[in-house]
Amino acid sequence: MWGNRTKRDKPFMVKCPFDIHIGFARDDKGKPVLRNLAGTQSSIRASKLGEKLHLTSEVEWRNKGIPTIQLTLPYVFIADEPVYMSQVSPFMHYTKDPLPGTIFGGRFPINVWPRPLMWAFEWHEPDKPIKIKRGDPLFYAGFETQSPERSIVVTKTEVTPELTEYMDMISGAVNYTPAPELT
């Protein structure tokens, strides 16, 4: 998964770590739920899939009737100097059967906010299943430094106890909602 030097105009591809084949449903009380459509043929145990993939609370969906799901990934990017990472849809990869929705992009400073990456998806057609094979592109990661001429080197590194402690300390930041927009 880890690459070498990358050009500014070439994004780093983040691949799906396991097969996903899910459907959307509502339980007998009307609560939204995910269904593992692969069943016993799934390449990941249902309990582990439930830990990694979840529906966000319905009150947090941007649009009524359009579920948002999130996949917690086993990848963390960190830098020793100011670097912003942007997550964007894998627009350079053709998919015969496109996903029934849109990917949430994002941008954050990996030098001060290292965290496990998430893949967030707005399910615009929840009547259609989501099927992603292991190794398929989930999104691209682009990197920005203060100097546009600077090349980026992506390498695998050790997760130290200090990094783990720092990540635990800042993990609560995502629990705060943004301030309302001023009009």
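Everything numeric in this text was worked out from a predicted model, so none of it was measured. Every heavy atom of this structure was used, including side-chain atoms; hydrogens, water molecules and symmetry mates were not.
- The heavy-atom pair separating P90 from Y140 by the smallest distance is CA-CE1, 3.3 Å.
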**Prompt:** Can you check side chain to side chain contact (heavy atoms under 4.5 Å, CB included) on I130 and I69, steps first, answer last?
**Reply:** CA-CA 11 Å; I130 294 175; I69 62 171; 3.6 Å; yes

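- The distance from atom CG of L99 to atom NE2 of H124, rounded to the nearest 0.5 Å, is 11.5 Å.
- Taking NE2 of H54 as the reference point, atom OG1 of T72 lies at 6.0 Å (rounded to 0.5 Å).
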**Request:** Determine, stepwise, if the pair L163 / T157 fulfils side chain to side chain contact (heavy atoms under 4.5 Å, CB included).
**Result:** CA-CA 11 Å; L163 176 58; T157 188; 5.8 Å; no

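- Nearest heavy atoms, M85 versus I110: CB-CG2, 3.6 Å.
- Distance check, rounded to the nearest 0.5 Å: CZ of F104 to OG1 of T56 gives 8.0 Å.
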**Request:** Any chance you could lay out the side chain to side chain contact (heavy atoms under 4.5 Å, CB included) test for F139 and V14, step after step, and finish with the verdict?
**Result:** CA-CA 6 Å; F139 58 87; V14 175; 3.5 Å; yes

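- The CG atom of L55 lies 7.5 Å from the CD1 atom of I22; values are rounded to the nearest 0.5 Å.
- To the nearest 0.5 Å, the span separating CH2 on W113 from OH on Y84 amounts to 11.0 Å.
- Residues P67 and F24 come closest through the heavy atom pair CG-CE1, 3.5 Å.
- Y166 contributes a side-chain N or O that, together with a main-chain N or O of V112, makes up a donor-acceptor pair within less than 3.5 Å.
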**Message:** side chain to side chain contact (heavy atoms under 4.5 Å, CB included), that's the test. Do F18 and L71 meet it? Break it down for me.
**Reply:** CA-CA 11 Å; F18 46 80; L71 174 63; 3.7 Å; yes

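- The neighbour count for K131 NZ, taken as heavy atoms of other residues, nucleotides or ligands under 6.0 Å away, does not exceed 12.
- Between L138 and I103, the shortest heavy-atom distance links the atoms O-CD1, 3.3 Å.
- The closest side-chain heavy-atom distance from M13 to H93 is below 4.5 Å.
- M92 is connected to V88 through a chain of hydrophobic side-chain contacts under 4.5 Å among Ile, Leu, Val, Met, Phe, Trp and Tyr, so both are in one cluster.
- When the shell of 6.0 Å around CD of E81 is examined, it contains more than 12 heavy atoms from other residues, nucleotides or ligands.
- Heavy-atom minimum distance, P17 versus R134: O-NE, 3.3 Å.
- The shortest distance between side-chain heavy atoms of F121 and P100 falls below 4.5 Å.
- The closest side-chain heavy-atom distance from P74 to K52 is not below 4.5 Å.
- Below 30°, between 30° and 60°, or above 60°: for F12 and F77 the angle between ring planes is above 60°, a perpendicular geometry.
- Between the W123 side chain and the K128 main chain, a donor and an acceptor come within less than 3.5 Å of each other.
- Minimum heavy-atom separation, Q70 to A120: CG-CB, 4.2 Å.
- Inter-residue side-chain proximity for E144 and S86 is flagged as met; some heavy-atom pair is nearer than 4.5 Å.
- Q87 places a side-chain N or O within 3.5 Å of a backbone atom of M118 that can act as its donor or acceptor partner.
- Going from atom CG of N36 over to atom CG of L53 covers 9.0 Å, rounded to the nearest 0.5 Å.
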